[in-house]
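Any value given below was found using the heavy atoms of this structure, including those in side chains, with hydrogens, waters and symmetry copies removed.
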Amino acid sequence: MFEENTSYNPESMFDEIEEYTEHGKARMEAIRYAIQQADKHQDVPYMLFFRIIYCRESTFYGDGMELMIIFPELLALADKYPDTPGNPNFVFKYEMEHVMWVYKWILDNCNDFYQISMEDCKNFYEDYRKRCVSMGISLRNYYCSLYGFYKNIDSVFAEECFHKFEKLPRDAHSDCRACERNVEIKFYLDKDNLKKAEQLSKIIENFTLTCGGNHRSAWLRMKIAYMRYYMKHGDYEEAETFCYLIKNYMNGETEYECWEDFLACYAHTNIGKALKIYKDHWKEWLNTRCPIDLLYIEEKICVFFKELMKTRKKTNIKINYDASFPLYREEGNYKIAELYDFYYQRAYTLAQKFDVRNGTDFYQKRLERSILENENV
């Protein structure tokens with residue numbers, strides 16, 4: 001991207017990355033080169049800054065494991081140079097404050113990647129807690145994140161963490177109020193306390209509380225939570241009304257494109273729509289890199305094929321896969337049961353890996369419920 005013989009100008013490099021480089025692989029490579037140049041010139045502020053934006057790109061547009069690889073470098077640099085002023089492109093007074101914000105994404109990845117051992121997860125949480133205490137940061141986010149990590153491992157401990165999160169004060173390190181409200185709404189929906197969830201939802205429903213530049217962001221996250229609640233309880237007709245709203249307002253933003261949920265919902269209400277969704281999205285789903293996302297997706301695909309076997313008179317189906325599909329056949333003719341078995345084995349393998357890491361059988365049981373008992377979680 002950059003000419004090797006040009007003089008070192010980190011501000012110009014950043015502007016060029018932002019203006020001319022698409023998110024994803026290309027931008028990751030450009031930022032990696034910028035890191036190399038900052039290191040070569042021992043430019044500490046930009047050694048930190050370029051690693052931070054690499055973490056951002058990895059988290060929102062790349063592979064979360066890239067974040068796990070580079071974060072220890074970033075943290076070590078921040079510890080070595082704790083008084084480095086924050087880059088003016090962001091709001092942090094010191095880069096160490098920005099690094100602590102990035103640390104929240106590390107904690108999220110503990111839940112998302114079975115490859116991170118339980119010991120490492122616990123070490124990340126404890127290190128983060130100690131840093132919060134030493135920097136005078138509220139432990140509100142610590143307990144919120146701990147709740148998210150343990151809710152499928154130790155529900156009693158997780159609930160204790162949630163209520164500590166509720167009671168602790170907000171500060172500059174807290175997520176926005178709308179994001180935190182959605183955590184509360186999801187908690188009470190998980191507890192089947194629909195009345196409490198609906199009370200909490202009013203301030204998002206009427207757009208008094210919004211998140212970021214898109215005033216519908218928090219609203220869409222809330223609608224997704226309700227859609228999943230009704231699917232969990234087998235009320236697919238009601239869930240379908242939420243599918244309709246989400247599809248109408250997601251505007252191509254990938255965060256809200258929960259096509260796998262639509263697939264599972266329509267599998268019960270309109271199998272033709274479900275089949276079209278599968279044919280449109282099978283390849284992107286196959287290439288999903290985040291293990292917890294992939295497990296969730298493949299559970300939903302199993303539900304779809306299970307319903308397709310019930311409703312379709314023929315046992316075979318024609319799907320125009322390409323050669324990237326592991327069961328690819330040039331004639332495109334497949335037994336539905338064969339496709340179901342393929343996805344089930346993939347989902348079960350992932351469920352086992354998460355359960356082994358977590359020391360539970362939660363994901364294996366969830367998979368059995370969602371498929372054998374037709375209860376989506």
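- For D15, there are no salt bridge (Lys or Arg N to Asp or Glu O under 4.0 Å) partners at least two apart in sequence or on another chain.
- Using a 3.5 Å distance cut-off with no hydrogens or angles, the side chains of E240 and Y266 do not pair a donor with an acceptor.
- Annotation: F14 is in aromatic contact with F49 [ring centroid separation under 6.0 Å].
- Between the side chains of Y230 and T241, no donor N or O sits under 3.5 Å from an acceptor N or O.
- One finds no salt bridge joining K318 and E331 here, because no Lys/Arg side-chain nitrogen approaches an Asp/Glu carboxylate oxygen to under 4.0 Å.
- A cation-pi arrangement is not found for K283 relative to F325, the charged atom failing to lie both closer than 6.0 Å to the ring centre and inside a 45° cone about the ring normal.
- Linking Ile, Leu, Val, Met, Phe, Trp and Tyr whenever their side-chain heavy atoms come within less than 4.5 Å puts M231 and I271 in one cluster.
- Taking 4.0 Å as the cut-off between side-chain N and carboxylate O, E126 and R129 count as a salt-bridged pair.
- Between I371 and Y348 there is no side-chain heavy-atom pair separated by less than 4.5 Å.
- Contact detail for N333 and I317: the closest heavy-atom pair is OD1-O, 3.6 Å.
- Residue-environment remark: OH (Y344) exceeds the threshold of 12 foreign heavy atoms within 6.0 Å.
- Under the rule for a side chain to side chain contact (heavy atoms under 4.5 Å, CB included), the partners of K25 that lie at least two apart in sequence or sit in another chain are E29.
- Residues meeting the side chain to side chain donor-acceptor pair (under 3.5 Å) test with K335, sequence neighbours left out: none.
- Judged by the 6.0 Å and 45° rule, R357 forms no cation-pi pair with Y114.
- By the salt bridge (Lys or Arg N to Asp or Glu O under 4.0 Å) test, K196 is found to be paired with no residue, residues two or more places apart in sequence or in another chain being considered.
- For K365 and E368, the salt-bridge test fails: no basic side-chain N is under 4.0 Å from an acidic carboxylate O.
- I137 and F92 fall within the same hydrophobic cluster, defined by Ile, Leu, Val, Met, Phe, Trp and Tyr side-chain heavy atoms under 4.5 Å apart, directly or through other members.
- The existence of a salt bridge linking E180 and R170 is confirmed by a sub-4.0 Å separation between a basic side-chain nitrogen and an acidic carboxylate oxygen.
- For N206, the side chain to side chain donor-acceptor pair (under 3.5 Å) test picks out T208, with sequence neighbours left out.
- For NZ of K276, the number of neighbouring non-hydrogen atoms (other residues, nucleotides, ligands) closer than 6.0 Å is 12 at most.
- The backbone N or O of Y94 lies less than 3.5 Å from no partner atom in the side chain of H98, so there is not a single donor-acceptor pair.
- The main-chain N or O of R140 is found under 3.5 Å from a side-chain atom of S138 such that the two form a donor-acceptor pair.
- Take E22 and apply the side chain to side chain contact (heavy atoms under 4.5 Å, CB included) test, not counting sequence neighbours, and it matches no residue.
- R329 and E338 are joined by a salt bridge, as a carboxylate oxygen and a charged side-chain nitrogen come within less than 4.0 angstrom of each other.
- At least one side-chain heavy atom of I52 sits under 4.5 Å from a side-chain heavy atom of E95.
- Note: Y334 and Y321 meet the aromatic proximity criterion, with ring centroids under 6.0 Å apart.
- Using a cutoff of 4.0 Å between basic side-chain nitrogens and carboxylate oxygens, K151 and E159 are not scored as salt-bridged.
- Taking the six-membered ring for Trp and thresholds of 30 and 60 degrees, W285 and Y278 have ring planes inclined between 30 and 60 degrees apart.
- With a 4.5 Å cut-off on side-chain heavy atoms, Y229 and L194 count as touching.
- Y46 and F90 fall within the same hydrophobic cluster, defined by Ile, Leu, Val, Met, Phe, Trp and Tyr side-chain heavy atoms under 4.5 Å apart, directly or through other members.
- The two atoms that bring E298 and A347 nearest to each other are OE1-N, 3.7 Å, heavy atoms only.
- Between R181 and E184 there is a salt bridge, with a side-chain nitrogen of the basic residue lying less than 4.0 Å from a carboxylate oxygen of the acidic one.
- For D261 and Y296, the side-chain atoms include at least one donor-acceptor pair closer than 3.5 Å.
- Remark: the backbone N or O of D63 is not paired with any side-chain donor or acceptor of R289 at under 3.5 angstrom.
- Y249 and I185 fall within the same hydrophobic cluster, where Ile, Leu, Val, Met, Phe, Trp and Tyr residues are linked whenever their side-chain heavy atoms come under 4.5 Å apart, directly or through other members.
- Remark: E330 engages Y328 in a side chain to side chain contact (heavy atoms under 4.5 Å, CB included) (not counting sequence neighbours).
- Remark: aromatic rings of F162 and Y143 are distant, center separation not under 6.0 Å.
- Take P326 and apply the side chain to side chain contact (heavy atoms under 4.5 Å, CB included) test, not counting sequence neighbours, and it matches L286, F342.
- Residues satisfying the side chain to side chain donor-acceptor pair (under 3.5 Å) test with T360, not counting sequence neighbours, are D355.
- Within the structure, the salt bridge (Lys or Arg N to Asp or Glu O under 4.0 Å) test picks out the following pairs touching residues 100-110 (sequence neighbours left out): K104-D175.
- For the pair N251 (side chain) and E253 (backbone), a donor-acceptor distance under 3.5 Å is absent.
- The backbone N or O of D112 lies less than 3.5 Å from no partner atom in the side chain of N109, so there is not a single donor-acceptor pair.
- Transitive grouping of hydrophobic side chains (ILVMFWY, heavy atoms separated by less than 4.5 Å) keeps F242 and Y244 in distinct clusters.
- Between the side chains of H233 and R228, no donor-acceptor pair of N or O atoms lies under 3.5 Å.
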I'd like a table of donor-acceptor pairs (distance under 3.5 Å, sequence neighbours excluded) in which one partner is a side-chain atom from residues 65-87, with atom names and distances.
{"from": "E66", "atom 1": "OE1", "to": "Y54", "atom 2": "OH", "distance (Å)": "2.9"}
{"from": "E73", "atom 1": "OE1", "to": "R51", "atom 2": "NE", "distance (Å)": "3.1"}
{"from": "E73", "atom 1": "OE1", "to": "R51", "atom 2": "NH2", "distance (Å)": "3.3"}
{"from": "D79", "atom 1": "OD1", "to": "R131", "atom 2": "NH1", "distance (Å)": "2.8"}
{"from": "D79", "atom 1": "OD2", "to": "R131", "atom 2": "NH2", "distance (Å)": "2.8"}
{"from": "T84", "atom 1": "OG1", "to": "Y81", "atom 2": "O", "distance (Å)": "2.9"}
{"from": "N87", "atom 1": "OD1", "to": "N89", "atom 2": "N", "distance (Å)": "2.9"}
{"from": "N87", "atom 1": "OD1", "to": "N89", "atom 2": "ND2", "distance (Å)": "2.6"}

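- Between D127 and Y103, the side chains place a donor N or O and an acceptor N or O closer than 3.5 Å (distance only, hydrogens not considered).
- Side-chain contact check for K310 versus F305: every heavy-atom pair is 4.5 Å or farther apart.
- Between H163 and F187, the ring planes lie perpendicular to each other; the angle is over 60°, past the 30° to 60° tilted range.
- Proximity of M100 to C132: side-chain heavy atoms (C-beta onward) are separated by under 4.5 Å at one or more points.
- In this structure, the side chain of E57 does not engage the main chain of R27 through any donor-acceptor pair within 3.5 Å.
- Under the side chain to side chain donor-acceptor pair (under 3.5 Å) criterion, S145 pairs with Y125, sequence neighbours left out.
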